[in-house]
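Report on the structure given below.
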Amino acid sequence: MTPPQVTQTVDAVAGAPRSGYDADMSDDYRQLLDATIQHLEGLKSRGVRHVAIAPETLRALAQPAPVGKIQISNFKSQIQPTAPVAKTEPVISTLPKKTPAPAAPPKAEIPSPRVEGTKASPGKIAAFTALRERALACIKCPSLASSRKNVVFGVGNLEAKLMFVGEAPGADEDEQGEPFVGKAGQLLTKIIETTGLSRSDVYIANILKCRPDTPGQSAGNRKPTPQEMQTCIPFLHEQIDLIRPQVIVALGATAVEGLLGKTLGITKLRGNWQTYRGTPLMPTYHPAYLLRNQSLSEKRRVWEDMLAVMEKLAMPISEKQQNFFLKT
Ligand code: URA
């Protein structure tokens with residue numbers, strides 16, 4: 001089992017190093033520091049009074065602030081937890097590409113939610129990396145922590161305008177450390193691509209970051225318990241706070257329940273816009289449901305929900321897209 005990471009605690013916010021803060025530190029470092037402080041203040045405002053911090057991190061923070069350009073990878077290594085953690089999913093998809101961002105589209109073009117190549121700020125990347133490291137080291141649900149192969153944090157673009165939220169990792173996701181890579185995930189990828197986007201344009205996460213354990217069962221999944229959802233949901237709240245998508249798609253009843261606390265049933269809720277902390281949220285069926293129920297009418301319902309999402313994001317919709325899954 002992964003040993004606990006917590007070796008020392010510091011007061012939230014008060015623990016951030018202030019000495020020399022206004023002196024000659026680089027803009028990048030100041031940005032990272034500001035983002036870290038902002039993140040700690042966010043935690044503090046939600047009632048968190050202590051944060052876990054490894055001795056290496058404290059030692060690194062105590063070093064004089066760098067003056068020149070800093071490497072994100074250096075900062076990342078400063079916040080690596082000390083103890084070994086489960087194999088991690090590649091972060092690369094959440095990091096900015098080295099290639100320059102594409103030229104700005106002509107003014108008349110409809111704004112598109114394609115964000116490939118868009119760079120998240122170093123501060124955002126640092127805050128996201130720190131959040132991810134906390135999730136990877138989490139052992140709050142002991143049975144899940146001991147049965148998991150990987151913590152499945154999330155994948156995609158930190159500048160995504162569209163975010164998908166599912167229930168919890170299944171066996172394939174646990175194996176690979178990435179959400180929605182099994183059969184349901186492949187269908188989700190098809191749905192995303194049918195809108196004209198790719199997985200790298202959006203962000204994908206789950207209510208639970210660990211696979212719900214199924215002791216005594218050799219196959220199958222189980223729904224997360226209310227206790228597991230309550231324990232894990234703060235990670236998702238923070239992911240959404242950092243990404244700030246324009247639209248969230250909640251895949252299935254558990255995602256809706258986790259994000260909105262609504263247990264009305266996905267059949268009643270799907271297709272009707274909801275609001276998650278001011279962000280429009282579209283509930284729709286989970287792709288696993290569509291795999292079980294192959295009827296054209298259910299596929300069309302999900303597709304209509306996606307058309308509503310595309311409209312909300314001012315994405316262009318072709319006639320072909322408009323007519324998918326309609327009986328001829
Ligand atoms: N189902 C989910 O809800 N999430 C996954 O990541 C995979 C399957």
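Note that the numbering runs from 1 along the sequence shown for the chain. The model shown is predicted, which means the values in this text are computed figures rather than measured ones. Indexing begins at 1, ligand by ligand and atom by atom, following the structure's order.
Residues satisfying the ring pair (Phe, Tyr, Trp, His ring centres under 6.0 Å) criterion with F164, sequence neighbours excluded, are absent altogether. Contacts of F235 classified as ring pair (Phe, Tyr, Trp, His ring centres under 6.0 Å), with partners at least two apart in sequence or in another chain: none. Scanning for side chain to side chain donor-acceptor pair (under 3.5 Å) contacts around S297 gives S295, with sequence neighbours left out.
Note: K119 NZ to K124 NZ = 14.0 Å, rounded to the nearest 0.5 Å.
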Extract all N/O-N/O pairs under 3.5 Å that connect ligand 1 to the protein, and present each with both atom names and the distance rounded to 0.1 Å.
residue	atom	partner	partner atom	Å
ligand 1	1 (N)	H286	NE2	3.2
ligand 1	3 (O)	E167	N	2.7
ligand 1	3 (O)	A168	N	3.4
ligand 1	3 (O)	H286	NE2	2.8
ligand 1	4 (N)	A168	O	3.0
ligand 1	4 (N)	N206	OD1	2.8
ligand 1	4 (N)	N206	ND2	3.4
ligand 1	6 (O)	F180	N	2.9
ligand 1	6 (O)	N206	ND2	2.8

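In terms of modelled atom types and a separation under 3.5 Å, the side chain of N293 and the main chain of Y289 share no donor-acceptor contact.
Between the side chains of R199 and T189, at least one donor N or O lies within less than 3.5 Å of an accepting N or O.
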